[in-house]
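Read the structure below first, then the notes.
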Amino acid sequence: MKIPQVNIKAYSDSTPPSGTGGLCIIPARGGSKRIPRKNIKDFLGKPIIAYSIEAALESKLFDEVMVSTDDEEIAEVARSCGANVPFARSTKNANDHATTVDVLVEVLEAYKNQNKIFKIGCCIYPTAPFVSAETLQKAFDLLQSQKLDSLYPVQKFSFPPQRGVIFQENKLRWQNPENAQVRSQDLTPLYHDAGQFYFFKTEKLLQNRSILTENTSGIVISEMDAHDIDNEEDWAVAEFKYRIKSKI
């Protein structure tokens, strides 16, 4: 089944919208280079994208769970897992330079053209097998109760970056010498994006063209609840962690 092409055109605010629930967007382009066919590669018995789709559906937070892709095979796998693929990602946003926000804006505008407006959006990455319906529900509740523009999971750095070292002329030097003798517990804890999902108010995303705003917060998750997958070694470690976590 060929993916219908996305048709981006001006949207008139005078058109009465239909639907005001939540939209889950899973961006999964076909051109992965470091791990070929990464988004549908087998992860412990099923395509890795299936974990993201299943968590989204199980959470029951969304009126629609869709996959944005330029790839026919990914589209078929996504549909077999229960997601919708109502239109293809544009060529413009299927290259290495397109950002996540570029893709989200394109999808939201395409739905507007179909007279579908969603108040809440959630982007779940296709290579996030540790994401769970429970975490999605907690994040959604925080987004709503704290009246946030956006929210996403973060993890604490296992070692304080303030005490990092760099190479200078083949010698190790402190990046921040003033922190050389500061105890780790006296340094401000720093966190990094867990690389799983982003909840956002769609109006704010379209307005700011950014996920991170002055009204963004995070939900802290453990080291065992996420793993960034950029290469084959990351993939092997992620499977190892998942086996331990799931006791399989």
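- In this structure the side chain of Phe197 reaches within 4.5 angstrom of the side chain of Pro153, judged on heavy atoms.
- Using the six-membered ring where Trp is involved, Tyr198 and Tyr152 have ring planes that are perpendicular, over 60° apart on the 30 and 60° scheme.
- Here Asp42 pairs with nothing under the side chain to side chain donor-acceptor pair (under 3.5 Å) rule; sequence neighbours left out.
- Ile219 and Leu190 fall into different hydrophobic clusters, where Ile, Leu, Val, Met, Phe, Trp and Tyr residues are linked whenever their side-chain heavy atoms come under 4.5 Å apart, directly or through other members.
- Remark: side-chain polar atoms of Arg34 are not paired, donor with acceptor, to backbone N or O of Asn231 under 3.5 angstrom.
- With a 4.5 Å cut-off on side-chain heavy atoms, Val154 and His192 do not count as touching.
- Put simply, the side chain of Arg89 reaches to within 4.5 Å of the side chain of Pro27, judged on heavy atoms.
- Between the side chain of Ser150 and the backbone N or O of Ile211 there is at least one donor-acceptor pair closer than 3.5 Å.
- Side-chain contact check for Ile221 versus Gln196: some heavy-atom pair is nearer than 4.5 Å.
- For CD of Glu134, the number of neighbouring non-hydrogen atoms (other residues, nucleotides, ligands) closer than 6.0 Å is 12 at most.
- For Tyr111 and Phe87, the distance between ring centers is under 6.0 angstrom.
- Using a 4.0 Å cut-off between charged side-chain N and carboxylate O, Asp234 and Lys241 make no salt bridge.
- With Asn179 contributing its side chain and Gln162 its backbone, the two residues share a donor-acceptor pair below 3.5 Å.
- Residues Arg29 and Asp71 have side chains not in contact (no heavy-atom distance under 4.5 Å, counting atoms from C-beta outward).
- A salt bridge is absent between Asp63 and Lys116; no separation between the charged side-chain nitrogens and carboxylate oxygens falls under 4.0 Å.
- Looking at Asp102 and Thr99, their side chains come closer than 4.5 Å, going by heavy atoms from C-beta outward.
- Counting only heavy atoms from C-beta outward, the side chains of Lys119 and Glu203 never approach each other to under 4.5 Å.
- Side chain to side chain, Ser90 and Glu106 meet the donor-acceptor criterion of an N or O pair below 3.5 Å.
- Not counting sequence neighbours, the partners of Leu44 by the side chain to side chain contact (heavy atoms under 4.5 Å, CB included) test are Tyr51, Glu239, Tyr242, Arg243, Ile248.
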